Amino acid sequence: MITVAKDRVDLAQQAAELFVQLASERANRFTVALAGGSTPKALYELLASEEFSSRVDWGKVWVYWGDERWVPASDADSNEGMARAALLDHVPIPPNQILPMYNGESAEEGARSYAAKLVSHLDLVFLGIGEDGHTASVFPGDMATLHSSDPVLPTVSPKATAQRVTLTPATLCRAHSVVFLVAGASKASILKSVLSTDDPDKFPAAYVASHADDVLWLVDQAAASQLDPGANVP
Ligand code: 6PG
């Protein structure tokens with residue numbers, strides 16, 4: 001399903017409402033994997049606001065990450081650091097329910113130990129897409145990661161902060177809900193390609209979208225500008 005939000009603010013608002021709703025549907029434990037990037041950051045800041053944080057029972061929330069740049073949380077590139085500053089430092093989540101990927105060891109060892117902490121079916125996974133069609137830290141052309149049955153793997157980005165650890169598509173696709181957050185005109189072209197390709201192996205985002213059970217594309221009008229009119233499927 002594709003939902004087109006008016007702009008970034010509306011997108012964050014709709015994603016926050018979805019988080020609140022899905023969390024409320026789980027009686028004891030709600031497991032979520034967070035994404036990095038500027039679009040999720042706006043969502044996290046909104047969830048930390050009184051308006052939203054008061055509607056979540058944080059005691060049952062368990063926080064994972066979809067991927068991580070292999071740097072400590074204090075590094076400006078850290079997805080964990082961003083999520084802590086925008087959200088986790090401001091809400092009453094028991095610290096043992098926050099499960100960062102980075103552990104100061106090698107990425108290989110980090111991936112191995114994260115696999116042991118992971119639940120098999122996450123309730124909710126937030127993902128972004130890169131302008132090359134990557135999602136989490138699964139990059140185009142990395143067929144070994146794309147098709148791996150391992151739950152977590154170290155990968156290498158062609159961009160800065162090369163060393164990454166990522167949940168694999170095998171894990172991402174088992175989640176109960178997968179939500180792609182896509183905003184801005186710079187994503188219009190890749191969003192069109194990802195949604196219209198007949199070769200999902202070409203773009204990791206397309207692969208995840210075509211193999212996961214419940215996928216929502218939450219995109220803003222700027223990102224949706226190259227999609228066919230009527231893409232706003234209710
Ligand atoms: C990376 C990128 C990337 C990012 C997406 C969406 O580390 O390779 O930062 O994974 O999350 O490109 O980013 P935006 O939400 O900022 O568009």
Side-chain angles (χ1 to χ4, degrees), residues 3-5 7-16 18-19 32-47 63-73 75-87 100-102 107 110-111 124-142 145-146 152-169 171-172 178-195 203-209 215-227:
T3 295
V4 181
D7 51 27
R8 285 175 185 271
V9 174
D10 184 28
L11 190 157
Q13 192 90 20
Q14 293 201 36
L18 187 65
F19 181 100
V32 58
L34 302 181
S38 56
T39 319
K41 186 174 178 219
L43 160 65
Y44 304 156
E45 286 168 348
L46 196 57
L47 280 173
V63 175
Y64 295 82
W65 272 265
D67 71 319
E68 186 56 277
R69 293 120 177 219
W70 209 242
V71 291
D75 191 295
D77 271 349
S78 166
N79 290 341
E80 177 194 343
M82 183 277 275
R84 285 190 187 276
L87 171 63
M101 283 182 153
Y102 183 80
L124 171 61
V125 172
F126 285 119
L127 292 172
I129 60 170
E131 284 158 34
D132 58 356
H134 81 261
T135 194
S137 281
V138 187
F139 294 90
D142 181 356
T145 303
L146 195 69
V152 191
L153 282 174
T155 61
V156 174
S157 162
K159 299 196 332 188
T161 323
Q163 185 64 68
R164 311 286 180 97
V165 168
T166 191
L167 301 188
T168 60
T171 301
L172 298 170
V178 173
V179 178
F180 284 94
L181 304 172
V182 189
S186 66
K187 299 288 167 70
S189 167
I190 189 61
L191 183 64
K192 184 185 170 64
S193 302
V194 162
L195 290 176
F203 305 113
Y207 182 92
V208 171
V215 178
L216 171 65
W217 289 91
L218 196 40
V219 309
D220 73 353
Q221 276 178 5
S225 60
Q226 291 183 25
L227 303 181

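Remember, it's 1-based here, ligands and their atoms both numbered in the order they're listed. What you see is a predicted model; the values in this text were computed from it and never measured.
At least one heavy atom of P40 lies less than 4.0 angstrom from ligand 1. For A35, the closest heavy-atom approach to ligand 1 does not fall below 4.0 Å.
Closest to atom 5 (C) of ligand 1 among all protein heavy atoms lies I129 O, 3.6 Å. For atom 11 (O) of ligand 1, the closest heavy atom belonging to the protein is G36 O, 3.4 Å. Summary of contacts: the protein heavy atom closest to atom 9 (O) of ligand 1 is R69 NH2, 2.6 Å. Nearest non-hydrogen protein atom to atom 8 (O) of ligand 1 is H134 NE2, 3.2 Å.
Of the possible polar contacts, one joining the D220 side chain to the G184 backbone as a donor-acceptor pair under 3.5 Å is found. Under a 3.5 Å cut-off, the side chain of E68 and the backbone N or O of N79 do form a donor-acceptor pair. With S225 contributing its side chain and A188 its backbone, the two residues share no donor-acceptor pair below 3.5 Å. A donor-acceptor pair is defined here as one N or O able to donate and one able to accept, closer than 3.5 Å; such a pair exists between the side chain of T135 and the backbone of G128.
Across A205 and I129, no two heavy atoms sit closer than the pair CB-CG2, 3.3 Å.
Close N/O approach between S38 and ligand 1 is found [any backbone or side-chain N/O within under 3.5 Å].
By heavy-atom distance, the residue among K41, K187, K159 lying nearest atom 6 (C) of ligand 1 is K187.
Heavy-atom proximity to R164, at under 4.0 Å, picks out these atoms of ligand 1: 1 (C), 7 (O), 8 (O). Applying the 4.0 Å criterion to heavy atoms of G130 picks out, from ligand 1, the atoms 12 (O). Counting atoms of ligand 1 from 1 in the listed order, those under 4.0 Å from a heavy atom of T39 are 14 (P), 15 (O), 17 (O).
There is no side-chain donor-acceptor pair under 3.5 Å between R69 and T161.
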In sequence, state the C-alpha distance, the side-chain angles, and the governing distance for W65 and Y102, and then conclude on side-chain contact (heavy atoms from CB on, under 4.5 Å).
CA-CA 10 Å; W65 272 265; Y102 183 80; over 6 Å; no

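Ring-plane geometry between F139 and H134 is classed as tilted, the angle between the planes lying from 30 to 60 degrees on a 0 to 90 degree scale.
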